[in-house]
Amino acid sequence: MGIRILIADDHHVVRRGLTFFLKTQKDIEIIGEAGNGREAVELARTLKPDLILMDLVMPEMDGIQATKMIKTEMPEIKIMMLTSFSDQDHVIPALEAGASGYQLKDIEPDELINCIRKIMSDENQLHPKATSHLLANLSNKKSNVRNLLEQLTKRELDVLREIAKGKSNKEIASTLFITEKTVKTHVSNLLAKLELADRTQAALFAVKNQLVE
């Protein structure tokens, strides 16, 4: 089965261009297009895409509101923000809403394909500017990091460090000589203990607290 994608953007030319390019990929299927956030939510409910390429600024409902609604109702759907904005006021709300990726519209086509495939493999994909904004935001939130880290087992710490290196569960399993199922268990446990929402936040947490070289 290919990756079923919904494109949400208020510019027809952008939607057409993305559709035309993505259709050249054998493992990708474009199943719908939305011209605003409200349409994106409605189509997500009916079409159940694997991934949504979501613009930020759209009429009727913006991409952040749409992302929040979709992730609340259908958390299994992956969402990649594809936008022209890289400022903190857009990046932070988008990631907090549940986006798995944040890329700018000037991204190279091949890199876009690469990001889509990585997100579908549970690897979060953030533009460097988005990462720096999120790190700055996290650093402003006071938390007792030492107490949180003391809750982790040695193996959970090992897994956290590997996540920060951008490795998939399969790659972590190979590196640590454990099963992929065990990795998933460790990931779930460490996210709960650190009170983090996803792998992106876990990776940034590890980098911010200098858990990786």
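The first residue in the sequence is number 1, and the count goes up from there.
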Participant: Output, in order, the C-alpha distance, side-chain angles, deciding distance and verdict of side-chain contact (heavy atoms from CB on, under 4.5 Å) for I28 and I113.
Facilitator: CA-CA 9 Å; I28 289 177; I113 293 294; 3.7 Å; yes

Participant: Could you walk me through whether M74 and R45 pass the side-chain contact (heavy atoms from CB on, under 4.5 Å) test, one step at a time?
Facilitator: CA-CA 8 Å; M74 300 157 280; R45 287 171 180 152; 3.8 Å; yes

Participant: If only atom types and distance count, is the side chain of Q25 paired as donor or acceptor with the main-chain N or O of L22 below 3.5 Å?
Facilitator: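 Flag not set: sc Q25 to bb L22 has no pair under 3.5 Å.
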
Participant: Hey, is the main chain of A197 close enough, under 3.5 Å, to the side chain of Q201 for a donor-acceptor pair?
Facilitator: yes

Participant: For L211 and L149, what are the C-alpha separation, side-chain angles and deciding distance, and is it a side-chain contact (heavy atoms from CB on, under 4.5 Å)?
Facilitator: CA-CA 10 Å; L211 298 179; L149 287 173; 3.9 Å; yes

Participant: Per the side chain to side chain contact (heavy atoms under 4.5 Å, CB included) rule, which among V183, T182, L160 passes with I172?
Facilitator: V183

Participant: E171 and G166: which non-hydrogen atoms are nearest, and at how many Å?
Facilitator: OE1-O, 4.3 Å

Participant: Count the heavy atoms of every other residue, nucleotide or ligand shown that sit under 6.0 Å from NZ of K170, and state whether that count exceeds 12.
Facilitator: no

Participant: For the CD1 atom of I5 and the CD1 atom of I116, what is their distance to the nearest 0.5 Å?
Facilitator: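 Atom-to-atom, I5:CD1 and I116:CD1 are 4.0 Å apart.
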
Participant: To check you understand the geometry: which heavy-atom pair defines the closest contact between S84 and K105, and what is its length?
Facilitator: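 Heavy-atom minimum between the residues: OG-CD, 3.8 Å.
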
Participant: Could you point out which residue of T185, T153, L152 forms a side chain to side chain contact (heavy atoms under 4.5 Å, CB included) with L190?
Facilitator: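 Testing L190 for a side chain to side chain contact (heavy atoms under 4.5 Å, CB included) against T185, T153, L152 leaves exactly one candidate, L152.
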
Participant: Could you tell me whether the side chain of E33 reaches within less than 4.5 Å of the side chain of R16, counting heavy atoms only?
Facilitator: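 Side-chain contact under 4.5 Å: yes.
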
Participant: What pairs with K23 under side chain to side chain contact (heavy atoms under 4.5 Å, CB included), at least two apart in sequence or on another chain?
Facilitator: T19, I30

Participant: Might you work through the side chain to side chain donor-acceptor pair (under 3.5 Å) test for T175 and K167, ending with a clear yes or no?
Facilitator: CA-CA 10 Å; T175 300; K167 293 186 179 180; 3.1 Å; yes

Participant: I want to check something: taking the side chain as every heavy atom from C-beta on, are L56 and D62 in contact at a cut-off of under 4.5 Å?
Facilitator: no

Participant: Look up atom CD1 in I163 and atom CG in L191, then write down how far apart they are to the nearest 0.5 Å.
Facilitator: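 Between I163 CD1 and L191 CG, I get 6.5 Å after rounding to 0.5 Å.
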
Participant: Do the side chains of I70 and I52 get nearer than 4.5 Å, heavy atoms only?
Facilitator: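 The answer is yes, as the side chains (C-beta and beyond) meet within the 4.5 Å cut-off.
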
Participant: Which atom names give the shortest non-hydrogen contact between L6 and A40, and what distance separates them?
Facilitator: CD2-O, 3.8 Å

Participant: When rounded to the nearest 0.5 angstrom, what is the spacing between CZ in R15 and CG in D55?
Facilitator: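 Between atom CZ of R15 and atom CG of D55 there are 10.5 Å.
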
Participant: Please identify each residue that fulfils salt bridge (Lys or Arg N to Asp or Glu O under 4.0 Å) with E60, with sequence neighbours left out.
Facilitator: R38

Participant: Kindly determine whether E162 and K165 satisfy salt bridge (charged side-chain N to carboxylate O under 4.0 Å, His left out), including the steps that lead there.
Facilitator: CA-CA 5 Å; E162 297 304 316; K165 295 174 185 176; 3.4 Å; yes

Participant: Drop me the distance from I77's CD1 to M54's CE, to the nearest 0.5 angstrom.
Facilitator: 9.0 Å

Participant: Under the rule for side chain to side chain contact (heavy atoms under 4.5 Å, CB included), what residues qualify as partners of D158, not counting sequence neighbours?
Facilitator: K154, R155, R161, L176

Participant: If every non-hydrogen atom of L196 is compared with every non-hydrogen atom of A202, which pair is closest and at what distance?
Facilitator: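 The pair with the smallest heavy-atom distance is CD1-CA, 3.5 Å.
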
Participant: Any donor-acceptor pair under 3.5 Å linking the side chain of N114 with the backbone of R117?
Facilitator: no

Participant: From N169 CG over to S174 OG, what is the distance, rounded to the nearest 0.5 angstrom?
Facilitator: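 Result: 12.5 Å between the selected atoms.
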
Participant: Indicate the atoms forming the closest heavy-atom contact of A34 with L43, along with that distance.
Facilitator: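 Smallest heavy-atom distance, with atoms named: CB-CD1, 4.0 Å.
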
Participant: For a 4.5 angstrom cut-off between non-hydrogen side-chain atoms, does T83 reach V57?
Facilitator: no

Participant: Partners of K68 by salt bridge (Lys or Arg N to Asp or Glu O under 4.0 Å), sequence neighbours excluded?
Facilitator: none

Participant: Any donor-acceptor pair under 3.5 Å linking the side chain of E39 with the backbone of G35?
Facilitator: yes

Participant: Got K78 and D50 here, is their nearest side-chain heavy-atom distance under 4.5 Å?
Facilitator: no

Participant: To check you understand the geometry: which heavy-atom pair defines the closest contact between G37 and M58, and what is its length?
Facilitator: N-CE, 3.6 Å

Participant: For L18 and L82: C-alpha separation, side-chain torsions, deciding distance, then whether side-chain contact (heavy atoms from CB on, under 4.5 Å) applies.
Facilitator: CA-CA 11 Å; L18 284 170; L82 192 59; 3.9 Å; yes

Participant: Looking at OG of S100 and CG of L95, how far apart are the two atoms once the value is rounded to the nearest 0.5 Å?
Facilitator: 9.5 Å

Participant: Got more than 12 heavy atoms from elsewhere within 6.0 Å of CD, E76?
Facilitator: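 Check passes, neighbour count above 12.
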
Participant: Report the residues that fulfil salt bridge (Lys or Arg N to Asp or Glu O under 4.0 Å) with E156, sequence neighbours left out, ordered by chain and then residue number.
Facilitator: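 Scan of E156 (salt bridge (Lys or Arg N to Asp or Glu O under 4.0 Å), adjacent residues dropped) gives K193.
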
Participant: Apply side chain to side chain contact (heavy atoms under 4.5 Å, CB included) to I31 and list each qualifying residue two or more places apart in sequence or on a separate chain.
Facilitator: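 Here the qualifying residues are R4, E29, L47, P49.
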
